[in-house]
Amino acid sequence: MKFHYLLVDDLLEKGEFERRVEEKVAESGDLLDDRTAAMLVVKDLGRAHIRIHDLPAAPSLACFFAKVLSVEEPREFERPDGTTGLVANVTVGDETGRARLTLWDEKAGAVHEIEAGDVLEILGRPKGKGKVPDVTAVAVEKAACEITCDDTGAPALPGPGGDLEVRLIAIESPRTFKKRDGGTGEMVEAVIGNEDGVFRLVAWTPAVLEGLEAGGNVVIRGATAREGEQGIEYSLGDAASVSRSDREISLTLDTVADVVEGRSYSLAGTVAGVQPSHVFVTRSGRQSCVRNLVLADETGEVPVVIWGEKADGHLVAGDRIEVYNATARRGRYGDIEVHLSWGSALVLLAQEEKEVEVEGTIIATREGIALDTGEACYLLAEPLPIGSIVRARGRVHRGVIHLSEIEAVTPDPEDLQRRLDQFSGRP
């Protein structure tokens, strides 16, 4: 009964759920068992079981029946904090498609109890929106129902220790970490993606990614998987290798209208508004940054919150960007926000430069020294004395003006007096 209650725990209290189950059993004259009655209560509440092909559009928690097609042996891996974890993968299917079920730690240790041909009732969290859904198991039970599907010909699935053919969406700069023995090491984080979804990648040997650039397609061999805060994450150790690939890899992008709480999304759009980054101190005493912007596409707008080093990047209204593996959460005022942190990526799309000739005043802003024309405000690539009035020609790229010609302008005394009178309210 607990298995099915997890599907509706946001709708009613556990005691009320149990009361409804007992009521279903009584109405049937004790012909229904608790499990069947619980399924009927879940269905009455609008949370019925779904098919595998519906998993990409499912909410953050979904329940479905599937037949076991293959079972992999559990594998140990080392987490970044030095502890050891266990992971196992099971390929399942129904008449609508295939899915990759990932079991972690205790569940992975019990995977030997599952055999090919078993039918399972699976409660899990769908990750990614590719042709082959990736599902993190929350609970798994054997079921007595029949599932019709082709037991052969299941597509090859990228998995821990296997080959991953992906696009390198973003690569961070190397950073140091402290080892268990007290020494230091280096690591590089990246975000990768393919038709099966978008994932965080950690290379504990930075040289494995040396010479590779974001946007390129690669084949990764020897990756190890683990479950992170945003789903499946891959790690590369000394035995891993990365090589370039010529295959075209397409990534599935969502729209703002798709965004609901509790899932991860990849979006493309235009920066409709952006605030300066804000420095704060974390609970551990480390200094970090946060920044807010609004992303707009043809379906609507959504607030975006950027955490950490990503918040330091130069962004202006009008920038065209893509965000990957961003998590949708409720904001402090109850609205949906999209958050970028570990395992997320922000990609700035190429923008054209334009030549301008403007006249304005040099002012100080929170973003830096700028040239204010009264109609537009351009950040200066090279600072000028604040208060100066100048006429200038230059190239503007993403809100920053690179001056090629500049001359001082003497203010008109009559015009200056008119402005002062307007400011003071004189007639």
Side-chain angles (χ1 to χ4, degrees), residues 56-57 59-60 126-129 167-173 189-193 197-201 214-215 228-231 233 251-282 286-351 365-368 377 379 397-400:
S60 59
K127 301 290 183 183
K129 294 196 172 186
R167 181 185 302 173
L168 279 171
I169 298 171
I171 306 176
E172 305 288 344
S173 300
E189 294 189 58
V191 178
I192 59 175
V198 177
F199 312 96
R200 180 183 180 225
L201 176 75
E229 294 181 0
Q230 292 179 277
E233 298 179 356
L251 302 177
T252 302
L253 292 175
D254 308 292
T255 67
V256 169
D258 296 327
V259 176
V260 295
E261 182 183 3
R263 298 198 62 181
S264 296
Y265 295 90
S266 297
L267 305 167
T270 302
V271 177
V274 60
Q275 298 179 14
S277 61
H278 170 68
V279 178
F280 67 96
V281 178
T282 66
R286 184 176 58 87
Q287 185 172 289
S288 188
C289 293
V290 63
R291 192 174 204 178
N292 296 79
L293 61 84
V294 176
L295 176 68
D297 67 10
E298 65 278 4
T299 70
E301 296 183 349
V302 64
V304 177
V305 184
I306 309 172
W307 299 92
E309 295 179 0
K310 297 179 182 65
D312 286 333
H314 173 61
L315 288 171
V316 296
D319 279 345
R320 291 181 292 112
I321 63 173
E322 293 174 345
V323 297
Y324 291 91
N325 220 22
T327 304
R329 309 175 191 168
R330 290 280 175 188
R332 66 173 64 182
Y333 302 112
D335 56 336
I336 297 293
E337 300 174 339
V338 174
H339 289 246
L340 279 78
S341 56
W342 301 111
S344 305
L346 189 153
V347 177
L348 179 68
L349 302 181
Q351 311 260 338
T365 71
R366 293 178 66 181
E367 296 271 328
C377 190
L379 287 175
H397 181 238
R398 300 183 52 244
V400 178

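Everything numeric in this text was worked out from a predicted model, so none of it was measured. Residues: numbered from 1 along the sequence shown.
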Q) Does some side-chain heavy atom of Thr365 sit less than 4.5 Å from a side-chain heavy atom of Leu379? A) yes
Let me have the donor-acceptor pairs involving side chains of residues 306-321, under 3.5 Å, with sequence neighbours excluded, atom names and distances please.
from: Trp307; atom 1: NE1; to: His339; atom 2: ND1; distance (Å): 3.0
from: Lys310; atom 1: NZ; to: Ser341; atom 2: O; distance (Å): 3.2
from: His314; atom 1: NE2; to: Arg398; atom 2: O; distance (Å): 3.0
from: Asp319; atom 1: OD1; to: Arg398; atom 2: NE; distance (Å): 3.1
from: Asp319; atom 1: OD2; to: Val316; atom 2: N; distance (Å): 2.9
from: Asp319; atom 1: OD2; to: Arg398; atom 2: NE; distance (Å): 3.3
from: Asp319; atom 1: OD2; to: Arg398; atom 2: NH2; distance (Å): 2.9
from: Arg320; atom 1: NH2; to: Ala350; atom 2: O; distance (Å): 2.7

Q | More than 12 heavy atoms from other groups under 6.0 Å of OH on Tyr333 | A | no
Q: Evaluate the side-chain proximity of Val279 to Gln287: yes if any heavy-atom separation is below 4.5 Å, no if none is.
A: yes
**Q.** Backbone of Val305 reached by a side-chain donor or acceptor of Asn292 within 3.5 Å
**A.** no
Q.
Holding to side-chain hydrogen bond (donor to acceptor under 3.5 Å, both in side chains), I want the full list of residues that pass it with Glu189, two or more places apart in sequence or in another chain.
A. Arg175, Arg200
Q) Residues two or more places apart in sequence or in another chain: which of them pass side-chain hydrogen bond (donor to acceptor under 3.5 Å, both in side chains) with Arg291? A) Glu367
Under 3.5 Å, which donor-acceptor pairs do the side chains of residues 296-304 form with other protein atoms, sequence neighbours left out?
from: Asp297; atom 1: OD1; to: Thr299; atom 2: N; distance (Å): 2.8
from: Asp297; atom 1: OD1; to: Thr299; atom 2: OG1; distance (Å): 2.7
from: Asp297; atom 1: OD1; to: Gly300; atom 2: N; distance (Å): 3.2
from: Asp297; atom 1: OD2; to: Val256; atom 2: N; distance (Å): 2.9
from: Thr299; atom 1: OG1; to: Val256; atom 2: N; distance (Å): 3.3
from: Thr299; atom 1: OG1; to: Ala257; atom 2: N; distance (Å): 3.0

**Q.** Evaluation steps, side chain to side chain contact (heavy atoms under 4.5 Å, CB included), between Leu201 and Val191
**A.** CA-CA 6 Å; Leu201 176 75; Val191 178; over 6 Å; no
Q | Derivation and outcome, side chain to side chain contact (heavy atoms under 4.5 Å, CB included), residues Val198 and Ile192 | A | CA-CA 6 Å; Val198 177; Ile192 59 175; over 6 Å; no
Q: State whether the side chain of Tyr265 and the backbone N or O of Val260 hold a donor-acceptor pair below 3.5 Å, judged by distance alone.
A: yes
Q: Could you tell me which non-hydrogen atom of Tyr324 sits nearest to which non-hydrogen atom of Leu251, and how far apart they are?
A: CE2-CD1, 3.8 Å
Q: Indicate the atoms forming the closest heavy-atom contact of Ile169 with Gly193, along with that distance.
A: CD1-N, 3.9 Å
Q) Run the salt bridge (Lys or Arg N to Asp or Glu O under 4.0 Å) check on Arg329 and Glu337 step by step: do they pass? A) CA-CA 5 Å; Arg329 309 175 191 168; Glu337 300 174 339; over 6 Å; no
Q) With sequence neighbours left out, what residues match Thr255 under side-chain hydrogen bond (donor to acceptor under 3.5 Å, both in side chains)? A) Asp258
(Q) Quick one, Arg330 with Ile336, criterion side chain to side chain contact (heavy atoms under 4.5 Å, CB included). Give me CA distance, side-chain angles, the key distance, then yes/no. (A) CA-CA 5 Å; Arg330 290 280 175 188; Ile336 297 293; 3.6 Å; yes
Less than 3.5 Å apart, which donor and acceptor atoms pair up between the side chains of residues 268-278 and the rest of the protein, not counting sequence neighbours?
none

Q: Show your reasoning for whether side chain to side chain contact (heavy atoms under 4.5 Å, CB included) applies to Leu253 and Glu322.
A: CA-CA 9 Å; Leu253 292 175; Glu322 293 174 345; 4.2 Å; yes
Q. Which value, rounded to the nearest 0.5 Å, describes the distance between Leu340 atom CG and Asn325 atom CG?
A. 9.0 Å
